[in-house]
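All remarks here apply to the structure that follows.
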Amino acid sequence: QSALDVAVCGKALLQAAFSGKTAVADLAAFRGRICFTLLGDLPRLKNLILPLADQFQPGEYVIAGCVPALDGLAADRSYIPVYRYWRDGSWEALVRFARLWPKASRAIHRALIRYGFSRHLLVHLGRSLLKQILRLEQARRLLRELRPTCLIADYDRNAHCACLVLAAREAGIPTATMGHGIVNPDYGYTPLLADVAFCWGEQHRQRLMEGGVAPERLVVVGNPRMQETIPSREDARRRMGIAGGRPVILFASQPIGEKE
């Protein structure tokens with residue numbers, strides 16, 4: 001019955017996934033490049049990935065994003081809207097799900113009972129599992145066309161980017177993740193899916209190690225969002241018009257609005 005419920009709930013998903021093929025011939029122009037992933041058109045994400053991409057020539061990388069387009073992206077930056085390629089369904093993925101679901105549904109059902117959740121969540125979890133299997137299958141297909149030299153994700157545990165990272169590792173493509181936020185606690189950041197995590201600082205590295213990540217998989221590189229040189233105390237006082245000798249308190253926070 002649970003398999004039937006999932007099939008009914010996933011009907012619209014399957015119709016969309018198998019409703020036609022998207023041409024991938026246009027990906028040939030981006031083969032053999034570094035591939036960056038970008039979750040969305042948000043300053044906090046673009047300011048994390050774009051400074052890193054700027055260390056390379058435009059023809060050396062491609063950005064695979066989860067939105068149709070990025071505002072303000074220079075014309076010489078190569079961008080691929082990944083969502084276009086999630087529509088290319090694969091019967092292999094559907095067969096894999098059919099084989100996996102009986103065993104997976106029993107395990108999920110036991111976990112729901114153990115932790116006091118409604119058994120009706122089984123349908124939603126089954127639909128999510130099916131969706132991820134489809135995404136993983138198409139991530140494999142996308143990477144077979146792109147053949148990147150490496151894949152650098154802004155976050156390796158998102159529903160979209162995780163599929164690309166796992167498919168890349170399966171294909172032997174080196175992977176790294178930037179981590180798009182402070183690791184406090186480590187929930188959402190471990191276990192590490194990419195080969196390597198680029199850490200903002202020693203505290204970032206220590207948090208991931210506390211979450212079970214091996215130290216050799218952690219490299220401190222700094223935060224690309226903070227590239228400006230911090231002025232000296234004297235220069236800051238001069239620029240702010242603060243007389244010498246008076247105490248100064250700095251309050252630093254992230255703006256509430258993403259566009260601010």
Close side-chain approach of L134 to K131, heavy-atom, < 4.5 Å: no
Contacts of R147 that satisfy side-chain hydrogen bond (donor to acceptor under 3.5 Å, both in side chains) - sequence neighbours left out: none
Worked check of side-chain contact (heavy atoms from CB on, under 4.5 Å) between V221 and L52: CA-CA 11 Å; V221 299; L52 189 59; over 6 Å; no
Reported CD1-to-SG distance for the pair I152 and C161, which is rounded to 0.5 angstrom: 12.5 Å
Minimum-distance pair of heavy atoms, taken over all atoms of K46 and G40: CG-O, 4.5 Å
Side-chain donor/acceptor of Q132 to backbone N/O of A159, under 3.5 Å: yes
Test item: T177 and V165 side chains (from C-beta on) under 4.5 Å apart, heavy atoms: no
Selection residues 191-204 - residue pairs positive for side chain to side chain donor-acceptor pair (under 3.5 Å), sequence neighbours left out: R169-D195, T175-D195, E202-R205, E202-Q206
Main-chain N/O of L193 paired to R157 side chain as donor or acceptor, under 3.5 Å: no
Between SG on residue C199 and CE on residue M178, distance to nearest 0.5 Å: 9.5 Å
Separation between CG of L136 and CD of E170, rounded to the nearest 0.5 Å: 6.5 Å
Separation between CD1 of I63 and OG of S78, rounded to the nearest 0.5 Å: 8.0 Å
Members besides V248 in its Ile/Leu/Val/Met/Phe/Trp/Tyr cluster (side-chain heavy atoms under 4.5 Å): M240, I242
For G65 against Y79, the heavy-atom pair lying closest together: CA-OH, 3.2 Å
Lys/Arg N to Asp/Glu carboxylate O, E137 vs R140, below 4.0 Å: yes
Hphob cluster co-occupancy, L112 + Y115, side-chain heavy atoms under 4.5 angstrom: yes
V196-F56 co-clustered via ILVMFWY side chain contacts under 4.5 Å: yes
Heavy-atom side-chain proximity of L48 to N223 below 4.5 angstrom: yes
I49-V220 co-clustered via ILVMFWY side chain contacts under 4.5 Å: no
Test side-chain hydrogen bond (donor to acceptor under 3.5 Å, both in side chains) applied to D54 - qualifying residues, sequence neighbours left out: R77
Sidechain-backbone polar pair: Q55 side chain, P51 backbone, donor-acceptor under 3.5 Å: yes
Residue pair R33 / A29: nearest heavy atoms and the distance that separates them: NH2-O, 3.4 Å
ILVMFWY cluster, I113 and W101 together (side-chain gap under 4.5 Å): no
Contacts of type side-chain hydrogen bond (donor to acceptor under 3.5 Å, both in side chains), residue T37, not counting sequence neighbours: D154
Test item: I80 and L146 side chains (from C-beta on) under 4.5 Å apart, heavy atoms: yes
Joint hydrophobic cluster, L208 plus V219, side-chain heavy atoms closer than 4.5 Å: yes
Heavy-atom check, side chain of H109 versus side chain of S105, under 4.5 Å: no
Separation between CG of L122 and CZ of R106, rounded to the nearest 0.5 Å: 11.5 Å
Residues forming a ring-ring contact (aromatic ring centres under 6.0 Å, His included) with F36, sequence neighbours excluded: Y61
R237 side chain vs A243 backbone, donor-acceptor pair below 3.5 Å: yes
Distance (rounded to the nearest 0.5 Å) between C35 SG and L143 CG: 7.0 Å
Taking every non-hydrogen atom, the tightest pair across A104 and L129: CB-CD2, 4.2 Å
